[in-house]
Amino acid sequence: MLLVYGGTRKGDTFPPGRADVDTIRRRELIEAVEHRGKRLSVAGAYGCHREDYEEGFRLRAAHPEAFPLEKPTSRRFGLDDFPRQVMDLAAELVDFPGKVVIDLASATSRRP
């Protein structure tokens, strides 16, 4: 399941041209899609509070078969690569579904 809980704009789709993720999020819907040969459920959440996320974790722990999860991290890069990656995202040259982790430990140490 891909949970969309923020950061969408009108017209955003996933996979590109398929599920309207902004509408799914704002109306708290669930839609089945196929991406890279896998069937996914795209679900939306709007106006969530800490308790909502905690309940989601409890449900996942109690019923893992009902809430199958894919690896949520799609990319990792070092801090030195971050400016280029952000510019590529802004220019729509790349798109990373899922979370992107910035690895601070791999950044080059610079001291004045």
Dump the intermediate steps for side-chain contact (heavy atoms from CB on, under 4.5 Å) on Glu31 and Ile24, then the final yes or no. CA-CA 8 Å; Glu31 186 172 328; Ile24 290 170; 3.7 Å; yes
Let me see the working for Asp103 and Phe77 under side-chain contact (heavy atoms from CB on, under 4.5 Å), right down to the final yes or no. CA-CA 6 Å; Asp103 185 1; Phe77 8 94; over 6 Å; no
Run the side-chain contact (heavy atoms from CB on, under 4.5 Å) check on Leu40 and Phe14 step by step: do they pass? CA-CA 11 Å; Leu40 300 172; Phe14 177 81; 4.1 Å; yes
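Ala32 approaches Arg39 most closely through the heavy-atom pair CB-NH2, 3.4 Å. Taking every heavy atom of both residues into account, Ala43 and Ile30 meet most closely at CB-CG1, 3.8 Å. A pairwise comparison of heavy atoms in Gly7 and Asp12 identifies O-OD2, 4.3 Å as the closest pair. Between Arg25 and Gly6, the shortest heavy-atom contact is CD-N, 3.3 Å. Taking each heavy atom of Ala45 and Cys48 in turn, the nearest pair found is CB-SG, 3.2 Å. The heavy-atom pair separating Val33 from Val42 by the smallest distance is CG2-CG2, 3.7 Å.
Annotation: the span from Asp81 atom CG to Arg75 atom CZ amounts to 12.5 Å, rounded to 0.5 Å. Here the straight-line distance linking atom CD of Glu65 with atom NE2 of His63 works out to 7.5 Å at 0.5 Å rounding. Taking CD1 of Ile102 as the start and CZ of Arg76 as the end, the distance is 9.5 Å to the nearest 0.5 Å. Here the straight-line distance linking atom CG of Leu29 with atom OG1 of Thr23 works out to 8.0 Å at 0.5 Å rounding.
Remark: the Arg18 side chain and the Thr13 side chain contain no N/O donor-acceptor pair separated by less than 3.5 Å.
The environment of Arg58 atom CZ is dense: over 12 non-hydrogen atoms of other residues, nucleotides or ligands sit within 6.0 angstrom.
Arg50 is linked by a side chain to side chain contact (heavy atoms under 4.5 Å, CB included) to Glu54, counting only residues two or more places apart in sequence or in another chain. Legend: residues meeting salt bridge (Lys or Arg N to Asp or Glu O under 4.0 Å) with Arg26, ordered by chain and number and at least two apart, are Asp22. With sequence neighbours excluded, no residue forms a ring-ring contact (aromatic ring centres under 6.0 Å, His included) with Phe82.
Hydrophobic clustering of Ile, Leu, Val, Met, Phe, Trp and Tyr side chains at less than 4.5 Å, counting indirect connections, unites Leu79 with Val94.
Not a single donor-acceptor pair under 3.5 Å links the side chain of Arg27 to the backbone N or O of Tyr46.
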